[in-house]
Amino acid sequence: MRILLVEDDELLGDGARAGLSQEGYTVDWLKDGLSAEQALRTEKFDIVVLDLGLPRLPGLELLKRIRSRSIDVPVLILTARETIEDRVKGLDCGADDYLTKPFDLDELSARVRALLRRVGGARGEPQLTYANIILDPASHAVEMDKEPVNLSRREFALLQKLLEHPGRVLSREVLTQCLYGWEEDVDSNALEVHIHNLRKKLGGGKFIRTIRGIGYMVEKQ
Ligand code: CA
């Protein structure tokens, strides 16, 4: 799950990023509205956590712009403004939920989780099946031979990405980005380690093929 965090306050942004990363989300953090708008036009995110008071482009304006372009990513707004009018305005502009500052990190994580569940359920994201494996994006669950498989969030993200594109080689860059976003320092072996663990948990996982020097793929069934 990839989150775009848009927050210009260093301290708050840093805390939110740390808290959400710890939950296993991939967090990309941008500090102004215009960069966020550009990112949303070109990249895919599962959810946006959006501050309203932002330099270069205010949060509400950003929200209006992306909704007018039919970018329907779920948006959780962070607002220091406590008036009902402001909240209503945010929701009218296309926000899905809001959180009033100051908030606690556990509450932020819980809201993000709830929103992802709600949206996933509403969109009816289809289950992905591959041989004896079923991956359910809405409930974030994986089963093999009808038994639950316990995957870390990063392993889950990786498996989901691979199963969404059977028959296609996914480059190391694409897979690494789906794991970490842009800003985190990535250990060059991290992808291999996650693939290794994923295979181990999925009975050897021979269906995940290594394409030497390029990346990984699962064969078309
Ligand atoms: Ca702000």
Evaluate the criterion side chain to side chain contact (heavy atoms under 4.5 Å, CB included) for residue pair L57 and R65; output intermediate values, then yes/no. CA-CA 10 Å; L57 183 66; R65 287 194 192 177; 3.5 Å; yes
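- Separation of atoms NZ (K89) and CG (L52) is listed at 10.0 Å; rounding is to 0.5 Å.
- In this structure, L191 and T176 have side chains that are in contact, with non-hydrogen atoms separated by less than 4.5 Å.
- For R111 (side chain) and Y98 (main-chain N/O), a donor-acceptor pair under 3.5 Å exists by modelled atom type.
- Of the possible polar contacts, one joining the K201 side chain to the N150 backbone as a donor-acceptor pair under 3.5 Å is found.
- Residues T129 and I133 form no side-chain contact, since every pair of their non-hydrogen atoms from C-beta on lies 4.5 Å or further apart.
- Put simply, the side chain of V149 does not reach to within 4.5 Å of the side chain of E147, judged on heavy atoms.
- Here the CD1 atom belonging to I66 is positioned 9.0 Å from the CG atom belonging to D72, to the nearest 0.5 angstrom.
- Annotation: side chain of L78 is not in contact with side chain of L50 (no heavy-atom distance under 4.5 Å).
- A donor-acceptor pair under 3.5 Å links the side-chain atoms of T42 to the main chain of Q38, judged by distance alone.
- Hydrophobic clustering, with ILVMFWY side chains joined whenever heavy atoms are under 4.5 angstrom apart, groups L5 together with F103.
- You'll find the side chain of V112 reaches within 4.5 Å of the side chain of I47, heavy atoms only.
- Other residues, nucleotides and ligands contribute at most 12 non-hydrogen atoms within 6.0 Å of the CD atom of Q22.
- N132 places no side-chain N or O within donor-acceptor distance of the main-chain N or O of D145, the cut-off being under 3.5 Å.
- Judged by distance alone, with hydrogens and angles left aside, the side-chain atoms of Q221 form a donor-acceptor pair with the main-chain N or O of A131 at under 3.5 Å.
- In this structure, L99 and L76 approach most closely via the heavy-atom pair N-CD1, 4.2 Å.
- Nearest heavy atoms, K146 versus E143: CA-OE1, 3.7 Å.
- Closest approach of E155 and N197 over heavy atoms only: OE2-CB, 3.3 Å.
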Run the side chain to side chain contact (heavy atoms under 4.5 Å, CB included) check on I3 and W29 step by step: do they pass? CA-CA 8 Å; I3 299 183; W29 177 19; over 6 Å; no
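- The nearest pair of heavy atoms linking C93 to L60 is SG-CD2, 4.1 Å.
- Counting only heavy atoms from C-beta outward, the side chains of V49 and L4 never approach each other to under 4.5 Å.
- A donor-acceptor contact shorter than 3.5 Å links the side chain of R199 to the backbone of I208.
- Side-chain atoms of V218 and R209, non-hydrogen and from C-beta on, never get closer than 4.5 Å to each other.
- Atoms CD and CG, from E37 and L30 in turn, are 12.0 Å apart once rounded to the nearest 0.5 Å.
- Atom CG in L198 sits 14.0 Å away from atom CZ in R154 (nearest 0.5 Å).
- Inspection of the S109 and D106 side chains reveals no N or O donor paired with an N or O acceptor under 3.5 Å.
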As a quick check of understanding, evaluate side chain to side chain contact (heavy atoms under 4.5 Å, CB included) for L175 and Y216, giving each step before the final call. CA-CA 9 Å; L175 290 170; Y216 296 90; 3.8 Å; yes
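- Counting only heavy atoms from C-beta outward, the side chains of E164 and L128 approach each other to under 4.5 Å.
- Put simply, the side chain of D32 gets close to the backbone of S35: a donor and an acceptor are under 3.5 Å apart.
- A salt bridge links D96 to R67: at least one charged side-chain nitrogen sits closer than 4.0 Å to a carboxylate oxygen.
- With salt bridges taken as basic N to acidic carboxylate O contacts below 4.0 Å, none links R2 and D46.
- Listed for the Y130 side chain is a donor-acceptor partner under 3.5 Å among the backbone atoms of E219.
- Linking Ile, Leu, Val, Met, Phe, Trp and Tyr whenever their side-chain heavy atoms come within less than 4.5 Å leaves I211 and L163 in two separate clusters.
- A salt bridge links K101 with E7: the closest approach of a Lys/Arg side-chain nitrogen to an acidic carboxylate oxygen falls below 4.0 angstrom.
- Here the closest non-hydrogen pair linking Q127 and I134 is OE1-CG2, 3.5 Å.
- Nearest approach of L162 to I195, heavy atoms of both residues: CD1-CD1, 4.3 Å.
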Might you work through the side chain to side chain contact (heavy atoms under 4.5 Å, CB included) test for M217 and L170, ending with a clear yes or no? CA-CA 6 Å; M217 74 178 289; L170 298 175; over 6 Å; no
